[in-house]
Enquirer: 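Starting off with a structure, shown below.
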Amino acid sequence: MAFRVAERVRCAVQEYPFEGQESMPGGTLTISVGVSSYPSKAKTDSDLIKNADDACYRAKFLMKNRVEAYHSILEEIQNDVDESAKEIIASIKTLIAVINAKDKYTYRHVERVVYYCDLLANRLNLSDAEKKIFIYAAYLHDIGKINIPEEILMKANPLTQEEWETLKQHPRNAVEIIRNVPALKDAVPIIEQHHERFDGAGYPSGLKGKEINCLASLLTVADSFDAMTSLRPYQQKKSYPDAIEELGRCSGTQFDPEAVQVFIGTIQDIL
Ligand SMILES: [Fe+2]
């Protein structure tokens, strides 16, 4: 119901004529709306506002002029697992909250990577089961950072060899955290391999070319694209066209060329 009302408001705003309309880029007024509901999606009033704000962020990100309803991937995972794994999922939820508090860059980053992976899954016509696993992997890929000290995650200067070795442990740390959840079994290789490189120079296993899980290769591209186009303590933010060019430059070395091709096709469709 709220979604339909929001959509009606969005359309009415879009069609509203205003003075100077011809000289405006796009020629219309646009709004983005985030929708959530109480008590089904939020337990408290502040949760309700936070969820609607999250959904609004998703609506504004890239596409704009749209209405998004809040949904929580962890809640979807909760519905998929049996009783014995519910406790582990609850702990994962706590871990994610801790990571979000520790590294403010990770929070929105994960959300955007999930968004890209969702677009990729639709473009590739993945089955529902594959799509689900891909989205879970995208959501949990950096959960292993929980064990990495904040000074390393937020360091503006290049990492020392020792710090770098510590950071490189995060894919395996993630696997340790989720390996007792049977519903996430198929997400393990995707998460474990999200820092492997096509030329074999990645970590943790130095896998090469098609030895790397194809969904992991796609996740790597989505993850790197978002890292390039968002502000980090250690780098300048790139524009979307510059980041696309960079993906092309690193295709065949860092990235799987097929994954780059699919990703660029997907992104160019929505930009
Ligand atoms: Fe990572």
Side-chain angles (χ1 to χ4, degrees), residues 73-74 77 92-93 95-118 120-121 133-156 158-179 181 184 186-208 211-235 237-238 243 246-247 250 253-256 259-260 263:
I73 290 160
L74 274 176
I77 301 178
I92 291 176
K93 204 170 180 175
L95 287 183
I96 288 174
V98 173
I99 297 171
N100 291 345
K102 194 157 95 160
D103 174 4
K104 62 180 186 310
Y105 294 92
T106 307
Y107 174 50
R108 295 293 192 193
H109 165 67
V110 166
E111 208 175 303
R112 290 187 301 262
V113 172
V114 167
Y115 176 82
Y116 290 135
C117 289
D118 190 47
L120 290 167
I133 285 299
F134 190 34
I135 298 299
Y136 292 172
Y139 191 69
L140 299 170
H141 74 278
D142 271 344
I143 198 179
K145 284 188 175 169
I146 189 73
N147 299 333
I148 312 290
E150 199 171 334
E151 311 83 78
I152 296 182
L153 294 177
M154 304 298 284
K155 195 171 173 186
L159 299 182
T160 64
Q161 189 58 34
E162 199 184 332
E163 288 167 337
W164 183 230
E165 290 306 321
T166 305
L167 182 67
K168 276 160 64 175
Q169 291 167 10
H170 81 271
R172 289 226 164 107
N173 292 343
V175 170
E176 279 306 303
I177 294 168
I178 64 159
R179 84 192 153 98
V181 186
L184 296 174
D186 294 337
V188 166
I190 310 174
I191 294 172
E192 187 168 18
Q193 297 171 22
H194 79 274
H195 283 289
E196 298 292 354
R197 290 175 48 123
F198 193 73
D199 60 9
Y203 60 89
S205 305
L207 299 177
K208 213 179 191 163
E211 287 169 359
I212 305 167
N213 178 296
C214 61
L215 293 179
S217 300
L218 281 168
L219 174 58
T220 307
V221 175
D223 186 25
S224 306
F225 182 81
D226 188 68
M228 285 181 220
T229 52
S230 49
L231 210 56
R232 296 285 173 114
Y234 44 83
Q235 70 169 27
K237 181 176 159 171
K238 278 190 170 54
E246 175 83 7
L247 289 181
C250 301
T253 50
Q254 186 176 353
F255 306 120
D256 180 328
V260 169
F263 186 83

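One-based numbering, in listed order, for ligands and for the atoms of each.
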Enquirer: Closer than 4.0 angstrom, basic N to acidic O: yes or no for Glu165 and Lys168?
Expert: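 Answer for the salt bridge query: yes.
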Enquirer: Which atom, among the N/O/S set of His195, is closest to the Fe ion (ligand 1)?
Expert: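 The nearest such atom is NE2.
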Enquirer: Indicate if the distance from the Fe ion (ligand 1) to the nearest N, O or S atom of His141 falls below 2.8 Å.
Expert: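 So His141 does not bind the Fe ion (ligand 1) by this criterion.
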Enquirer: Hey, is the Fe ion (ligand 1) within less than 2.8 Å of some N/O/S atom on Asp142?
Expert: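 Yes, Asp142 qualifies, because one of its backbone or side-chain N, O or S atoms lies under 2.8 Å.
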Enquirer: Hey, are His170 and Asn147 close enough side-chain-wise for a donor-acceptor pair under 3.5 Å?
Expert: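 Result is no, nothing qualifies.
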Enquirer: With rounding to the nearest 0.5 Å, note down the distance linking OH in Tyr139 to CD1 in Ile191.
Expert: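 Here the rounded value is 12.0 Å.
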Enquirer: Any donor-acceptor pair under 3.5 Å linking the side-chain atoms of Ser205 with those of Arg172?
Expert: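 The answer is yes; a qualifying pair exists.
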